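The model shown is predicted, which means the values in this text are computed figures rather than measured ones. Throughout, a chain's letter reflects where its sequence line sits, starting with A, and its residues are numbered from 1.
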Number of protein chains: 2
Amino acid sequence: MIQPRRTRIQQKNSEAILEAALEVFSQHGFRGATLDQIAEVAGLSKPNLLYYFPSKEAIHVTLLSGLMHTWLDPLHRMDPEGEPLREIMAYVRRKLELSRDFPRESRLFANEILQGAPRMREAIEGELKALVEEKAAVLRFWMDQGRIARVHPVHLIFSIWALTQHYADFDVQVHAVLGETEPDPYPEAGLYLETLFARLLAV
Amino acid sequence: MIQPRRTRIQQKNSEAILEAALEVFSQHGFRGATLDQIAEVAGLSKPNLLYYFPSKEAIHVTLLSGLMHTWLDPLHRMDPEGEPLREIMAYVRRKLELSRDFPRESRLFANEILQGAPRMREAIEGELKALVEEKAAVLRFWMDQGRIARVHPVHLIFSIWALTQHYADFDVQVHAVLGETEPDPYPEAGLYLETLFARLLAV
DNA sequence: CCCGCTCCTGACCATCCGGTCAAACCTTAA
DNA sequence: TTAAGGTTTGACCGGATGGTCAGGAGCGGG
């Protein structure tokens, strides 16, 4: 992911390892996951894992840094030149799609933050903070123009994160509460969030 | 906690163990936490832990079942006879106060759900689901009366959970993004959530 | 066909983990 | 004061865990 693998075998096995590691790390967190478990899911032997990655931590870090880009991309794409409500709604929709399509990635991230972000502090205090401040400025600008209602821009972003990630991170709870009747909560969630932000931001 | 301890020493040590276990479990999850770590935080020896609790799992279960009551209490207190918006706002406020005052409990819960709720499935599919359905009916009743706007009642409850717990579970991220300038995000968060739900539910 | 390099594995290691146990220590109440 | 019962601990156990290593298997180019 970080460095292009040379051979086809390296490509295939590295991907299999990262895929398996995502499965295991996202469910048990870094300390709760074991190399044996990852190796079994990947269909490789443990020493073979360590042929491709120097350590358990290296696998984790590779996953996290690969994640950061995908994760921040929707916010990056919020265009200052666009129509404000439309841009925000598009951001919410993309973020909700990430939760639906990549729930394990969301849980991996959640696990890392829950544990105090020992391997992501830097990225959070740097890249993430800078991006949020940039986009908060955009939101504030839109508010000054009177094109959306005035609310705390950073908390607005927090609320988008919280509401969308909830469906991935608390997946089990959501499904348990909704029961068998509603196997896919995302269509309803999308409608609900659209209403919520439309009413919150209407001028 | 579940059974009243007889002597003063038992009382004191059991509490110290549960306090330490909360600290460790909430940060590392069940599998990531170790008895040695809990023992060290509690200021006791590992065999002494196992004098008071039969196993690591027993400590975890005790914490979780003790938590369930506190956690559901604010929703229980949403009164069908009260003024709808007032009741919902009170629920949001109480839930946010729980996040502020008991962030470790929130993270313990989040960890458990993230890991597929292996030790809480029963409580979630039973107690929690029943309570949500009961209160969703109340919300639907209020909507039928035209006293609050019509939105999906269960997703409304989800959104309250997501928005309030976010400040406890993603504490590190919130603080990192807000920076040193805003040491306590809760006053602003309270105001923001008040606005959000007022606008969402206004008729 | 063979050589060199990539890929893979069984065996192994030190450490850590949850948990046990017998013995020692401490408190209390008669 | 003493004995009984509650409390604490060092030493230990079997199994898991992250990681190493020497060597074998497989592959690709000449």
Can we say E194(A) and R93(A) salt-bridge, meaning some charged N sits less than 4.0 Å from an Asp/Glu carboxylate O? no

Look at the side-chain N and O atoms of S45(A) and state whether any lies under 4.0 Å from the OP1 or OP2 oxygen of dT9(C). yes

What's the CG-P distance between L49(B) and dG10(D), to the nearest Å? 14 Å

E125(B) and R121(B) ion-paired at < 4.0 Å: yes

Whole angstrom value for the distance that separates C1' of dA16(D) from CD of E40(A): 14 Å

Quick one: Q11(B) CD to dT27(C) C1', roughly how many Å, whole number? 18 Å

Quick one: F53(B) CZ to dT7(D) P, roughly how many Å, whole number? 13 Å

Kindly say if Y51(A) contacts the phosphate of dC21(D), meaning a side-chain N or O under 4.0 Å from OP1 or OP2. no

Distance to the ring centre below 6.0 angstrom and angle to the axis at most 45 degrees; does that hold for R119(A) and F30(A)? yes

Ring geometry between F25(A) and H60(A) (parallel below 30°, tilted from 30 to 60°, perpendicular above 60°): perpendicular

Short side-chain donor-acceptor distance under 3.5 Å, Y167(B) and H155(A): yes

Could you state the atom-to-atom distance from NE2 of H60(B) to P of dG19(C) in whole Å? 13 Å

If only atom types and distance count, is the side chain of E182(B) paired as donor or acceptor with the main-chain N or O of P185(B) below 3.5 Å? no

Difference in axis direction between the ends of the helix from dC1(C)-dG30(D) to dA30(C)-dT1(D), five pairs, 10°: 10°

Anything under 3.5 Å between a protein N or O and an N or O of nucleotides 16-18 of chain C, put it in a table, one pair a line.
unit_1: dG18(C); atom_1: OP1; unit_2: A33(B); atom_2: O; d: 3.2
unit_1: dG18(C); atom_1: OP1; unit_2: K56(B); atom_2: NZ; d: 2.9
unit_1: dG18(C); atom_1: OP2; unit_2: L35(B); atom_2: N; d: 2.8
unit_1: dG18(C); atom_1: N7; unit_2: K46(B); atom_2: NZ; d: 2.9

Heavy atoms, side chains only, cut-off 4.5 Å: are V132(B) and W161(B) in contact? yes

Output the rounded distance in Å from CG (N48(A)) to C1' (dG19(D)). 14 Å

Would you sort out whether R107(B) and D169(B) count as a salt bridge (charged side-chain N to carboxylate O under 4.0 Å, His left out), showing the intermediate values? CA-CA 5 Å; R107(B) 284 193 281 266; D169(B) 301 345; over 6 Å; no

Does OP1 or OP2 of dT6(C) have a side-chain N or O of N13(A) closer than 4.0 Å? no

Roughly how many Å is it from NZ in K12(A) to C1' in dC7(C), rounded to a whole number? 11 Å

Can you tell me how far C1' of dG19(D) sits from OH of Y52(A), to the nearest Å? 18 Å

Is the shortest heavy-atom distance from the side chain of F197(A) to the side chain of L200(A) under 4.5 Å? yes

